[in-house]
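For reference, the structure is listed below as structure tokens.
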Amino acid sequence: MTRRIAILGATGSIGTSALDLIERSPELFSISAVTAATKVADLADIARRSRSALAVIGDERLLPELRERLAGTGCRAEGGRSALVAAAAAEADLVIGAIVGCAGLEPVMAAVEAGRTVALANKEALVTAGALMTEAAKASGATILPVDSEHNAIFQCLACSRGGDVSRIILTASGGPFRTASSEMMASATPSQAIAHPTWSMGAKISVDSATLMNKGLELIEAHFLFGLPSQQIDILIHPRSVIHSLVEFVDGSVLAQLGSPDMRIPIAYALAWPKRMPTPAERLDLAAIGSLAFESPDDRRFPALRLARQALEAGGAAPIVLNAANEVAVDAFLAGAIPFPAIAATVADALDRSRDSTPLSIADVLEIDRATRSRVGAAMKASCA
Ligand code: NDP
Ligand code: MG
């Protein structure tokens with residue numbers, strides 16, 4: 001029996017890495033569903049190659065084209081938001097949540113509510129609705145397996161724990177392309193400089209998040225919800241080589257770490273084969289060639305996003321949703337050349353300052369706070385550009 005996998009966000013960086021692993025082990029896996037937003041030709045190719053039973057395109061206007069491209073393959077084609085959500089909840093042994101941004105929240109939540117095992121890369125879903133999602137997982141019996149490399153590393157280290165004996169989690173960060181850049185240089189940074197990540201190859205949004213260190217801020221919040229530790233027990237450590245993917249300190253002073261080459265196929269494989277392991281083509285670590293590993297503390301002054309994320313986590317309620325929504329709008333604006341790089345963190349800080357205290361009690365509440373923040377931030381940006 002093969003393990004049936006649904007990939008939400010199959011055309012992206014995580015989605016294609018997962019497909020690469022699955023295609024190398026056809027005796028272990030089959031594909032039940034693949035989804036994308038607009039890359040209809042890529043989605044059709046993937047569905048055809050992987051013999052997926054279902055392909056869903058988020059943009060419904062592209063459904064006729066998807067149907068045409070899949071004619072005669074036996075793969076069912078669907079389109080639109082509700083089809084995406086239905087695909088996430090459909091029967092599968094593992095659902096890979098690899099949509100980028102808060103757009104992934106409803107599909108991931110549908111998979112969790114359906115009691116699926118979810119390999120979660122889509123950190124924004126946990127950042128915006130972590131409490132609701134972990135509660136829903138408890139109620140439905142769903143398992144959330146972290147794919148984000150740091151959280152996957154912690155998950156692996158915690159397998160050696162008896163529970164209740166963790167004193168601290170240490171999330172490592174490469175520091176991104178501007179780790180040693182001056183504030184002046186960052187003020188004139190271009191999108192292509194910001195997405196040129198020194199160690200990882202990733203989608204555009206997360207690459208910009210890595211440059212601002214907002215990625216690590218989102219991961220701080222993600223770690224809080226995944227592992228149930230307060231902000232004070234989650235530290236950030238800059239480690240430019242990205243060899244140690246994160247560490248767990250235990251009450252006796254022992255520290256466990258997970259190491260590997262910076263290749264997302266390693267954490268994805270861990271989730272695909274869990275609770276076993278499977279081979280991957282990832283480059284093996286040659287520690288003698290690497291020679292030494294360096295560490296440094298993050299610089300809150302040049303990278304205010306980290307402080308903002310910690311502030312949002314500690315405030316709770318709507319704050320992480322506001323942080324995430326403002327960041328998504330600001331990153332899009334930066335990538336479109338509409339605002340300079342430092343304006344990303346400034347936009348998020350401003351949105352947090354203006355946000356009202358509230359506690360989202362449902363996914364509808366989360367989506368409403370997300371929508372309202374996007375509209376407020378978008379209007380403020382237009383006004384300042386006018
Ligand atoms: P990409 O931008 O490469 O891919 C995103 C995927 O989501 C694509 O399949 C895209 O479809 C789809 N998508 C985008 N918007 C929507 C939408 N509105 N509705 C439905 N589908 C949508 O992103 P990554 O693969 O880099 O990242 C995916 C997630 O994984 C992010 O949350 C990221 O933070 C996280 N992650 C990524 C890592 C990496 O190495 N890339 C590492 C750790 C975490 P289309 O192609 O049609 O636009
Ligand atoms: Mg990560």
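First listed ligand is number 1; within each ligand, the first listed atom is number 1. All values below were derived from every heavy atom in this structure, side-chain atoms included, with hydrogens, water molecules and symmetry-related copies excluded. Just so you know, these numbers come straight off a predicted model, no measurement behind them. Position 1 is the first residue of the sequence, and the numbers go up from there.
- Nearest to atom 33 (C) of ligand 1 among the protein's heavy atoms is Ile206 CD1, 4.0 Å.
- Ranking the protein heavy atoms by distance from atom 14 (C) of ligand 1 puts Val100 CG1, 3.8 Å first.
- Here the closest heavy-atom approach between residue Arg374 and residue Cys102 is recorded as NH2-CB, 3.8 Å.
- At a 4.0 Å heavy-atom cut-off, ligand 1 touches Glu124 through the side chain alone.
- What sits closest to atom 26 (O) of ligand 1 on the protein, heavy atoms only, is Gly203 N, 2.9 Å.
- Among all heavy-atom pairs drawn from Ala189 and Phe341, the shortest one is CB-CB, 4.1 Å.
- Summarising the geometry, atom CG belonging to Leu145 is positioned 14.0 Å from atom NE2 belonging to His151; distances are rounded to the nearest 0.5 Å.
- With Ala121, Gly12, Ser201 as candidates, the residue nearest to atom 30 (O) of ligand 1 on a non-hydrogen basis is Ala121.
- Asp148 contributes atom OD1 as its closest N/O/S atom to the Mg ion (ligand 2).
- A distance of 5.0 Å separates CD1 in Ile238 from CG in Leu213, rounded to the nearest 0.5 Å.
- Salt-bridge formation is not detected for the pair Glu135/Lys138: no Lys NZ or Arg NE/NH1/NH2 atom is positioned less than 4.0 Å from an Asp or Glu carboxylate oxygen.
- Val85 and Ile99 fall into different hydrophobic clusters, where Ile, Leu, Val, Met, Phe, Trp and Tyr residues are linked whenever their side-chain heavy atoms come under 4.5 Å apart, directly or through other members.
- Close N/O approach between Ser149 and ligand 1 is not found [any backbone or side-chain N/O within under 3.5 Å].
- His245 and Thr172 are not linked by any side-chain donor-acceptor pair at a separation below 3.5 angstrom, with hydrogens and angles left out of the test.
- Taken from CG in Leu132 to CG in Leu126, the straight-line distance is 11.0 Å, to the nearest 0.5 Å.
- The atoms of ligand 1 that sit less than 4.0 Å from any heavy atom of Gly9 are 6 (C), 7 (O), 9 (O).
- Under a 4.0 angstrom heavy-atom cut-off, Ala98 registers as being in contact with ligand 1.
- Close approach of ligand 1 to Met264 (heavy-atom distance below 4.0 Å) involves ligand atoms 40 (O), 42 (C), 43 (C).
- When hydrogens are left out, the protein atom nearest atom 20 (C) of ligand 1 is Leu84 CD1, 3.6 Å; that is the closest non-hydrogen contact.
- Nearest N, O or S atom of Glu219 to the Mg ion (ligand 2): atom OE2.
- Taken to the nearest 0.5 Å, the CZ atom of Arg48 stands 6.0 Å off from the OG1 atom of Thr73.
- Nearest non-hydrogen protein atom to atom 11 (O) of ligand 1 is Ala37 N, 3.1 Å.
- For Ala103, every heavy-atom contact with ligand 1 shorter than 4.0 Å involves the side chain, none the backbone.
- Looking only at protein heavy atoms, the nearest one to atom 46 (O) of ligand 1 is Thr11 OG1, 2.6 Å.
- Near Asn122, the atoms of ligand 1 lying under 4.0 angstrom from a non-hydrogen atom of the residue are 32 (O).
- Of all protein heavy atoms, the one closest to atom 44 (C) of ligand 1 is Asp148 OD1, 3.5 Å.
- When the shell of 6.0 Å around CZ of Arg284 is examined, it contains more than 12 heavy atoms from other residues, nucleotides or ligands.
- There is no side-chain donor-acceptor pair under 3.5 Å between Ser261 and Asp263.
- Remark: ligand 1 and Ile14 share an N or O pair separated by less than 3.5 Å (distance only, no angle test).
- Protein heavy atom in closest approach to atom 34 (O) of ligand 1: Lys123 CE, 3.2 Å.
- Between the Mg ion (ligand 2) and the N, O or S atoms of Glu150, the shortest distance is to OE1.
- Considering only heavy atoms from C-beta on, Ile22 comes within 4.5 Å of Ile5 through its side chain.
- Hydrophobic clustering, with ILVMFWY side chains joined whenever heavy atoms are under 4.5 angstrom apart, groups Phe303 together with Ile195.
- Looking at ligand 1, you'll find an N or O of Ser13 within less than 3.5 Å of one of its N or O atoms.
- If you look at Asp42 next to ligand 1, there are no close heavy atoms at all, none under 4.0 Å.
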